[in-house]
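First comes the structure, then the notes that go with it.
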Amino acid sequence: MKNIKSIESLSEHNYKLSNSVKNLLDIDQLETNDLDTIFTLTEIIDSFLTNNDKKTSLLKGKTIVTLFYESSTRTRVSFEEAGKLLGADVINMSGNGTSIDKGESLLNTCLTLQSAHTDLIIVRHPHSGAPYFMSKHLSKTKIINAGDGWHAHPTQALIDLYTAKQSYDDLKGLKLVIVGDILHSRVARSDILGFQKLGVNVSLCAPKSLLPTTLLDKSTSDASDPYNTVSVEYDLEKALDNADIVMPLRIQQERLGEVSGFPSLREYSSRFQINDKTLKFAKPNAIVMHPGPMNEGVEISSEIAHSDRSQIENQVRYGVAIRMSLLYLMLIGGDFND
Ligand code: CP
């Protein structure tokens with residue numbers, strides 16, 4: 001780590017992203033050297049946060065809006081905290097109490113925020129592609145995708161990559177097993193792109209009803225489909241064999257509708273839960289990650305969720321530093337600026 005005295009003094013160093021795209025819509029926009037830059041900054045910032053040396057004015061005068069059309073705890077709180085610690089003005093918006101309640105469209109909401117001098121919008125939306133649509137219509141205001149439908153969650157993928165690197169440093173050749181509701185998971189999709197970029201072998205384990213159709217029928221996928229290059233195993237014991245990183249996912253009941261895709265949660269847990277018994281099939285030092293929110297007792301047992309093997313609290317901790325790095329790079333440093 002360079003000799004950096006405070007978060008404030010990051011501005012004396014030339015940290016920047018090589019990517020010329022001004023919005024972060026998914027993780028595949030970032031080159032490997034961009035990931036290195038984000039992770040280097042994250043390590044520096046996290047060390048200052050850990051020593052309670054937190055508040056800076058690097059983003060003084062910048063206005064950030066968190067625009068959340070779906071519920072969130074981790075993403076929303078950590079982006080708000082990240083913006084405030086960097087000295088930005090952060091405004092939180094959701095349907096309640098705004099003109100979204102009165103039927104204002106996404107486009108008009110965004111154009112309004114742009115006219116009100118917003119530098120960056122962090123958006124979560126139930127429709128896949130909403131941040132892409134916004135980015136096409138906003139010339140001055142930047143966009144970070146904080147989760148769009150079933151599609152992408154690039155900042156969670158950055159957190160997951162960084163957390164894994166804290167345990168293993170070099171991820172090349174490791175085996176990541178993602179277990180659970182892959183079908184509805186924007187995290188799984190962005191994680192596959194990110195982990196594969198760093199040379200990780202990704203394996204999926206779920207009932208067929210919770211896997212994407214493009215995975216089950218390759219003739220329906222196109223060349224850019226991240227599911228083209230993963231392996232699938234329906235038996236948890238076999239899937240976990242030789243695993244270095246195990247990531248159970250929540251069943252997204254809110255997206256399942258009336259058809260659950262499996263007989264009962266009890267049966268699902270008996271076949272796919274990560275617990276003391278099933279984790280024995282992975283490598284003895286395998287770590288467990290979960291993007292949250294967790295349904296303890298369903299996809300993961302409480303014992304494992306709060307064990308030494310679990311990196312779940314670290315994922316939340318690193319989320320603040322990852323998002324501070326990204327806000328700094330997008331609003332001050334490098335080629336993300338037009
Ligand atoms: N991982 C994640 O996106 O959590 P939240 O829904 O709480 O933001």
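Remember, it's 1-based here, ligands and their atoms both numbered in the order they're listed. In this chain, residues are counted from 1 in sequence order.
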Leu249 vs Pro291 side-chain heavy atoms within contact, under 4.5 Å: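 Heavy-atom side-chain distance check passes, below 4.5 Å.
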Ile287 side chain near Tyr168 side chain, heavy-atom distance below 4.5 Å: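 A side-chain contact under 4.5 Å exists here.
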Donor-acceptor pair, side chain of Thr229 and main chain of Pro226, under 3.5 angstrom: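 Yes: the side chain of Thr229 pairs with the backbone of Pro226.
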Partner set under side-chain contact (heavy atoms from CB on, under 4.5 Å) for Thr112, not counting sequence neighbours: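 Partners of Thr112 under the side-chain contact (heavy atoms from CB on, under 4.5 Å) test: Glu104.
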Residue pairs, two or more places apart or on separate chains, that pass side-chain hydrogen bond (donor to acceptor under 3.5 Å, both in side chains) and touch residues 83-93: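 Only Thr66-Asn92, Glu80-Lys84, Glu80-Asn92 qualify under side-chain hydrogen bond (donor to acceptor under 3.5 Å, both in side chains).
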Pairwise side-chain hydrogen bond (donor to acceptor under 3.5 Å, both in side chains) hits with a residue in residues 237-252, at least two apart: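 For residues 237-252, and leaving out neighbouring residues, the side-chain hydrogen bond (donor to acceptor under 3.5 Å, both in side chains) pairs sorted by first residue read Asp244-Lys283, Arg250-Glu254, Gln252-Arg255.
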Residues in contact with ligand 1, criterion: heavy atom under 4.0 Å: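 Contacting ligand 1 under 4.0 Å are Ser72, Thr73, Arg74, Thr75, Arg124, His153, Gln156, Pro291, Gly292.
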